[in-house]
2 protein chains.
Amino acid sequence: MRDGRATKLRIHQAALTLFVAKGVTETSVRDLAQAAGIAEGTLYRHYASKDDLVADLFASNYAAFADRLTTLGRQQAGFRARLAALVAEVFRFHDNNPTLFRFLLLVSHQALARVPDDAANPVSVLHSLVEQGVQDGEITLTDAALGTAMILGLMLQPATAIVYGRLEAPLSRFTDDIAAACWRALNPTEAPHG
Amino acid sequence: MRDGRATKLRIHQAALTLFVAKGVTETSVRDLAQAAGIAEGTLYRHYASKDDLVADLFASNYAAFADRLTTLGRQQAGFRARLAALVAEVFRFHDNNPTLFRFLLLVSHQALARVPDDAANPVSVLHSLVEQGVQDGEITLTDAALGTAMILGLMLQPATAIVYGRLEAPLSRFTDDIAAACWRALNPTEAPHG
DNA sequence: TCATTGTGAGTGAACGTTCACATTAGGCAG
DNA sequence: CTGCCTAATGTGAACGTTCACTCACAATGA
């Protein structure tokens, strides 16, 4: 029998590229097949449907990234070190695979519905981290949900700015600036370099 | 002749609601007509195409909001006051018309292509504000584009968190917190309450 | 009266998906 | 080693559905 794994990888790459460039709904199965260099029917040897492809592409990468963040948090002591490591990892991920990063950002709005609630989730990992920091008295801000949103915004908007050409890649050159800005944002009454 | 303006408003409302709830591409002209209580053909008495409806809905509201922000900035003296007024206005807009706010967020990725470059743009208004602050030495951070992204993130992610139910509305209750967080994020070496 | 507004069945194109058939390659008998 | 066998993989024309959009006609009201 032939090995279909190479074909599946070609589908992955074509799908990520086209989904990010044109949007999921705007990308047809014909588009995908042409970009991957296969026939339309071949896609259905590997995925039950187009939706299944999107959901699988999202869920597997989303959960894997959440796992990486969780592992990372365990290797650091103290909230500030964990935060810095998390920002660094997110930015490194963006720079290493911007297309995948943007795909996850793009479809998280719609794809999250098809992902099981108990699956690992980068946002909930971050939320747990902030909650821990609040409990341990390591940050002044007490609303963990607000703190999570702040950190998320300080990371994702610079990434978005790169997409629009308002900021120049790589994102990693802002790692220290953003980690420090997160820290200050979370500590309303403390000196910035506490 | 009959007055079509009421019909046009019904189309606006139906379109905003459905576009936000299901997405633009996932909303058909049949969906729009049914929600607005009109026939499909009627929509084409008011818009040349579905794309035209989206573009008009986006461009008019996007530019109007940018103008409001510009006016607001002129009424304040000093960067910090301007920043606080801007955050307050953005959050007020979100609370007064969350559907319109989310629509502008949702389609800004794709709709910006059809909007003339010289049109007023909320992001460029913010960028000019930050640039002015840098020039006047009112903030420590020197990269205006990075500062713009930071402020944008600190405003938009809390708004997004409300959509997902991670944060409770209204957004306005965070106005002071976020304005202060923006200020601290932009001032790496300064005391937080300078 | 007539320009404007409203109607909805109809149109061709594009969509996701299917299916009968072709191709491939590892296992296995001779 | 050779030559089938078979399951996996690849193919693309065809299918039914849905889509955005059109048009001949009706209704409205200044």
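Quick caveat: nothing in here was measured; it's all calculated off a predicted structure.
Test B:L72, B:L69, B:L86 against B:L129 for side chain to side chain contact (heavy atoms under 4.5 Å, CB included) and you get one pass: B:L86.
With rounding to whole Å, B:K50 atom NZ is found 15 Å from D:dT22 atom P. A straight line from CZ of A:R5 to P of D:dG10 spans 12 Å, rounded to a whole angstrom. Between the OH atom of B:Y47 and the P atom of D:dT22 there is a distance of 17 Å, given to the nearest Å. Rounded to whole Å, the distance from CG on B:D52 to C1' on D:dC21 is 13 Å. Between the CG atom of B:D31 and the P atom of D:dC19 there is a distance of 7 Å, rounded to whole Å. Straight-line distance from the CG atom of A:D51 to the P atom of C:dT17: 7 Å, rounded to whole Å. The OH atom of A:Y44 sits 5 Å away from the C1' atom of C:dT17 (whole-angstrom rounding). Whole-Å rounding puts the A:K22 NZ to C:dC15 P distance at 8 Å.
Contact check, B:H46 against C:dG6: a side-chain N or O comes under 4.0 Å of OP1 or OP2. For A:T7 and D:dT9, the shortest distance from a side-chain N or O to OP1 or OP2 is not below 4.0 Å.
The aromatic rings of B:F93 and B:F101 sit perpendicular to each other, their planes meeting at more than 60°, with 30° as the lower class boundary.
In the set D:dG10, D:dC19, C:dT17, the nucleotide with an atom closest to the side chain of B:S28 is D:dC19. Minimum atom distance to the side chain of A:S49 is reached by C:dT17, of the listed D:dA24, D:dC19, C:dT17. Nearest nucleotide to the A:T42 side chain, out of C:dT7, C:dT17, D:dG10: D:dG10. The side chain of A:R45 lies closest to D:dG10, out of C:dG6, D:dA20, D:dG10. Across C:dG16, C:dT7, D:dT22, the shortest atom-to-atom separation from the side chain of B:A39 is found for C:dT7.
Taking every heavy atom of both residues into account, B:H12 and B:Y47 meet most closely at NE2-OH, 2.5 Å.
Contacts of A:V29 with the nucleic acid, taken as non-hydrogen atoms under 4.0 Å apart, include base atoms. Counting non-hydrogen atoms under 4.0 angstrom, A:I38 reaches the backbone sugars and phosphates but no base. Backbone-only contact: B:T27 has heavy atoms under 4.0 Å from sugar-phosphate atoms and none from a base.
DNA chain C is contacted by both A:E26 and B:G4; B:G4 maps to the nucleotide lying nearer its 5′ end (nearest heavy atom per residue).
In this structure, A:D176 places its CG atom where only 12 or fewer heavy-atom neighbours from other residues, nucleotides or ligands lie under 6.0 Å away.
Between B:R30 and B:E40 there is a salt bridge, with a side-chain nitrogen of the basic residue lying less than 4.0 Å from a carboxylate oxygen of the acidic one.
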